[in-house]
Asks: 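Here it is: the structure, laid out below.
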Amino acid sequence: PGFHTKLARSYGSAGMWEAALVSLIGMKSIGCKPNTNAFNGLMNSLIKAGYSDEAYRVYLKMLDVGCRPDSYTLGVLTKGFCKVGKIDEACVLLKELKEQDCVPNVTVYNLLLDGLGRAGKLNEASKLFEEMSKQGFRPDVVSYNTMIAMFGKSGKVDRACRIFQQSKENKCSPDVITYTSLIHALCKKGKLDEAWKLFEEMKSDGFVPDVITHTVLLDALCKSGRELEALELLEALEMGDCVPDVVTYTSLLYSLRMTGKVDEASTLFARMVEKGCHPDVVTFNALLAGVCKSGDVDGAFRNFAEMQDMGLKPDGYTYNALIDVLCKTNDVEEAFNVFEKMMDDGCNPDLITHTQLINGLCKAGRVEDACSHFKDMTERHCIPDAIAYNTLIYALGKSGKALDAYELFHLMKKKACHPN
RNA sequence: AUAUUGGGUUGCUCGCCG
């Protein structure tokens, strides 16, 4: 059975759900039947690899062969739904399974909280957070951490701190993640002093900050222009026992390169490699951002070639950065070539890709083309946000098409997209 | 040994400061 489940999970990671099922069901050839755990494991593999719909099919098959779902099943599927933005379906499933006396647990609620947060539905998350206690599920440290991180990411430090207060009142012990999330929230708002205070506080309370905690602080130093202090922190880490990782180095590389410190960035890049820390696609993208900022198209493509020489696959960020630098250097034609290449390469253009192209067309005086691209974009199920509307509204207004601009402005409001 | 939380990279405009 171990072999069959392992094989099934491998198929799952490749999205081959049918082959995976054959492997699971094939257990009967050795006189075994796949149990709930085996199905849960397969669904998890599928979801981790981005095959949520396929996971749901496996779920149906599992019911079909008479396997009862348990709280893990519910958890895995909740994650799957949330990952593809189908939060409502996750809630429906929760209700359904509750009626079949499949008991949800705190983990399931935590998954929902996180899913709501990532979908930007903070109010609904807060409501659920209050609701869960009433339903008899006491929030645990993960619940609190999830809420803190979610408020922190959207710039609501005060609310994050209130949740922290609340967790103390409810006698829920914080952990390193709690503190790191709060420190991150403070840093994001530029409150570095308070962040450092909390950092000291956590240490004196006996918590051991890890590489992530330190990287949050280092990144904040970089982003507020204190690269020297960031470098000092890095050196301290390199000498201590909290080893900096690729994220730590990338954060510094990004700031150095963004602020034009090209040589320092190169030196640091060499140093990280020397320390056995391998740059990843984000590292290259971070450097690429700096190259693009200076409008250096050739340099951008050199970076693009170099990352592939190192065996790294460009992602959406990479292509978007290239498209943007081309648009900004008045080469929309080439930007569209990269756009094609991106799709050939299996990268899905996103809202940012389209907005950049629309902006590029506008700047090249091709406002009509921009409008039709905007239309194409919506037909490709890419829902414009305020920035996308602004881009086109601004260009329309500037090119004397005030009426069209006004019309789009109304459309934007009609689509419940808040003008800023 | 089957599920949940923290760090780095990409888009518009405007304002403030230099």
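In what follows, chains are A, B, ... by sequence order, proteins preceding strands, each numbered from 1.
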Asks: When the distance from CE of M377(A) to C1' of G11(B) is rounded to whole Å, what number comes out?
Replies: 11 Å

Asks: Report which part of the nucleic acid V282(A) touches: base, sugar-phosphate, or nothing (heavy-atom distance under 4.0 Å, all strands).
Replies: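 The answer is base, as V282(A) lies within the cut-off (heavy atoms under 4.0 Å) of a base atom.
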
Asks: For a quick check of understanding: with a heavy-atom distance under 4.0 Å over all strands, which category does D140(A) fall into, base, sugar-phosphate or nothing?
Replies: nothing

Asks: For T78(A), answer base if it contacts any base atom (sugar-phosphate contacts may also be present), sugar-phosphate if it contacts only those atoms, and nothing otherwise; contact means non-hydrogen atoms under 4.0 Å.
Replies: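 Here T78(A) touches no strand at all.
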
Asks: Could you tell me the separation between the CG atom of N44(A) and the P atom of A1(B), rounded to a whole number of Å?
Replies: 15 Å

Asks: Contact class for T353(A) (heavy atom, under 4.0 Å): base, sugar-phosphate, or nothing?
Replies: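 The residue T353(A) makes no contact with any strand.
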
Asks: Reckon D219(A) touches a base, only the sugar-phosphate, or nothing at all at heavy-atom distances under 4.0 Å?
Replies: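 Counting heavy atoms under 4.0 Å across all strands, the contact made by D219(A) is with sugar-phosphate only.
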
Asks: V211(A) has a side chain; which of G8(B), G7(B), A3(B) sits nearest to it?
Replies: G7(B)

Asks: Scan T213(A) against the nucleic acid and name what it touches under 4.0 Å (heavy atoms): base, sugar-phosphate only, or nothing.
Replies: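 Contact class for T213(A): base.
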
Asks: Parallel, tilted or perpendicular, judged at 30° and 60°: which one describes the rings of Y406(A) and H410(A)?
Replies: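 Ring orientation of Y406(A) relative to H410(A): perpendicular.
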
Asks: Just to be sure I understand the rule, does N105(A) reach a base, reach only the sugar-phosphate, or reach nothing, if contact means heavy atoms closer than 4.0 Å?
Replies: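 Here N105(A) touches the bases of the nucleic acid.
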
Asks: Using a 4.0 Å heavy-atom cut-off, does V246(A) contact any base of the nucleic acid, only the sugar-phosphate backbone, or nothing at all?
Replies: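 Base contact - V246(A) has a heavy atom under 4.0 Å of at least one base atom.
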
Asks: Taking side chain to side chain donor-acceptor pair (under 3.5 Å) as the criterion, tell me which of T215(A), T213(A), D175(A) meets it with T180(A).
Replies: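 Between T180(A) and the candidates, side chain to side chain donor-acceptor pair (under 3.5 Å) is satisfied uniquely by T213(A).
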
Asks: Round to the nearest Å and state the distance from M342(A) atom CE to G11(B) atom C1'.
Replies: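 From M342(A) CE to G11(B) C1': 12 Å.
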
Asks: So that I know where these two stand, are H214(A) and F199(A) an aromatic pair - ring centroids less than 6.0 Å apart?
Replies: yes

Asks: Base, sugar-phosphate, or nothing for R9(A), non-hydrogen atoms under 4.0 angstrom?
Replies: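 If one applies the 4.0 Å heavy-atom cut-off, R9(A) turns out to touch the sugar-phosphate alone, with no base involved.
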
Asks: In the 5'-to-3' direction, what one-character label does each nucleotide of nucleotides 12-18 of chain B receive under the scheme B = base within less than 4.0 Å of a protein heavy atom, S = sugar-phosphate only, - = no such atom?
Replies: BSS----

Asks: Tell me the stems RNA chain B sits in, counting at least three consecutive Watson-Crick or G-U wobble pairs, each under 3.5 Å on both distances.
Replies: none

Asks: Between K341(A) and D345(A), does any NZ, NE, NH1 or NH2 come within less than 4.0 Å of an OD or OE carboxylate oxygen?
Replies: no

Asks: Under 30°, 30 to 60°, or over 60°: which ring-plane class applies to F137(A) and Y109(A), parallel, tilted or perpendicular?
Replies: tilted

Asks: Counting the atoms with a prime plus P, OP1 and OP2 as sugar-phosphate, which does V142(A) contact under 4.0 Å by heavy atoms, base, sugar-phosphate, or nothing?
Replies: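 Contact class for V142(A): base.
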
Asks: Can you figure out which of U4(B), U9(B), U5(B) approaches the side chain of N110(A) most closely?
Replies: U4(B)

Asks: Whether the side chain of R257(A) engages the backbone of A286(A) through a donor-acceptor N/O pair (distance < 3.5 Å, no angle test) should be reported.
Replies: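 Not confirmed, R257(A) side chain does not pair with A286(A) backbone.
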
Asks: For a quick check, tell me whether the side chain of D280(A) and the base of G8(B) share a donor-acceptor pair closer than 3.5 Å.
Replies: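 Such a pair exists between side chain and base.
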
Asks: Nearest of A3(B), G11(B), U9(B) to any side-chain atom of N285(A)?
Replies: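 Per side-chain heavy atoms of N285(A), the pick is U9(B).
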
Asks: What nucleotide among G11(B), G6(B), G8(B) has an atom nearest to a side-chain atom of V176(A)?
Replies: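 When the side chain of V176(A) is considered, G6(B) is the closest of G11(B), G6(B), G8(B).
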
Asks: Quick one: label D315(A) by what it contacts on the DNA or RNA (base, sugar-phosphate, nothing), any heavy atom closer than 4.0 Å.
Replies: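 The answer is nothing, as D315(A) stays clear of every strand by at least 4.0 Å.
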
Asks: Of the candidate nucleotides G6(B), G8(B), U2(B), which contains the atom at the shortest distance from the side chain of T283(A)?
Replies: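 Of G6(B), G8(B), U2(B), G8(B) is nearest to the side chain of T283(A).
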
Asks: Give the rounded distance in Å between these two atoms: CG of L24(A) and C1' of U2(B).
Replies: 12 Å

Asks: Can you tell me the distance, in whole Å, between the NZ atom of K48(A) and the P atom of U2(B)?
Replies: 10 Å

Asks: Look at D369(A) together with R366(A) and state whether they make a salt bridge at an N to O cut-off of under 4.0 Å.
Replies: yes

Asks: For K261(A) and E264(A): C-alpha separation, side-chain torsions, deciding distance, then whether salt bridge (charged side-chain N to carboxylate O under 4.0 Å, His left out) applies.
Replies: CA-CA 6 Å; K261(A) 302 180 186 71; E264(A) 285 92 329; over 6 Å; no

Asks: H184(A) has a side chain; which of G6(B), U2(B), U9(B) sits nearest to it?
Replies: G6(B)

Asks: Are the charged groups of K223(A) and D219(A) less than 4.0 angstrom apart, N to O?
Replies: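 Salt bridge present between K223(A) and D219(A).
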
Asks: Please determine whether a side-chain nitrogen or oxygen atom of K223(A) lies at a distance below 4.0 Å from atom OP1 or OP2 of G8(B).
Replies: no

Asks: Which word best sums up how the rings of Y144(A) and F129(A) line up, parallel for under 30°, tilted for 30 to 60°, or perpendicular for over 60°?
Replies: perpendicular

Asks: Scan V281(A) against the nucleic acid and name what it touches under 4.0 Å (heavy atoms): base, sugar-phosphate only, or nothing.
Replies: nothing

Asks: Tell me the interatomic distance from L77(A), atom CG, to A3(B), atom C1', rounded to whole angstroms.
Replies: 10 Å

Asks: Does the base of G8(B) carry an N or O that pairs as donor and acceptor with the side chain of D245(A) under 3.5 Å?
Replies: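 Donor-acceptor pair under 3.5 Å: no.
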
Asks: Could you tell me whether K188(A) contacts a base, only the sugar-phosphate backbone, or nothing, with contacts defined as non-hydrogen atoms closer than 4.0 Å?
Replies: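 Result for K188(A) = nothing.
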
Asks: Do Y319(A) and F339(A) pass the ring-ring contact (aromatic ring centres under 6.0 Å, His included) test, and can you show the C-alpha distance, the side-chain angles, and the key distance before you say yes or no?
Replies: CA-CA 7 Å; Y319(A) 284 108; F339(A) 177 58; over 10 Å; no

Asks: Examine the base of G11(B) for any acceptor or donor lying under 3.5 Å from a partner atom in the side chain of D350(A), and report the outcome as yes or no.
Replies: no

Asks: What contact category does T180(A) fall into here, base, sugar-phosphate, or nothing, at under 4.0 angstrom with non-hydrogen atoms?
Replies: base

Asks: Quick check, does Y317(A) stack with U10(B)? I mean ring centres under 5.5 Å and planes off by under 30°.
Replies: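 Taking the rule of under 5.5 Å and under 30°, the ring of Y317(A) does not stack on U10(B).
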
Asks: Output the rounded distance in Å from OH (Y144(A)) to P (U4(B)).
Replies: 21 Å

Asks: Kindly assign one of parallel, tilted or perpendicular to the pair H373(A) and F336(A), based on the angle between their ring planes and the thresholds 30° and 60°.
Replies: perpendicular

Asks: Look at the side-chain N and O atoms of R118(A) and state whether any lies under 4.0 Å from the OP1 or OP2 oxygen of U4(B).
Replies: no

Asks: Is there a donor on the side chain of T250(A) or the base of G8(B) sitting less than 3.5 Å from an acceptor on the other?
Replies: yes

Asks: Can you measure L268(A) atom CG to G8(B) atom C1' for me and round it to whole angstrom units?
Replies: 13 Å

Asks: Give the ring-plane orientation class for F81(A) versus Y56(A), where under 30° counts as parallel, over 60° as perpendicular and anything between as tilted.
Replies: tilted

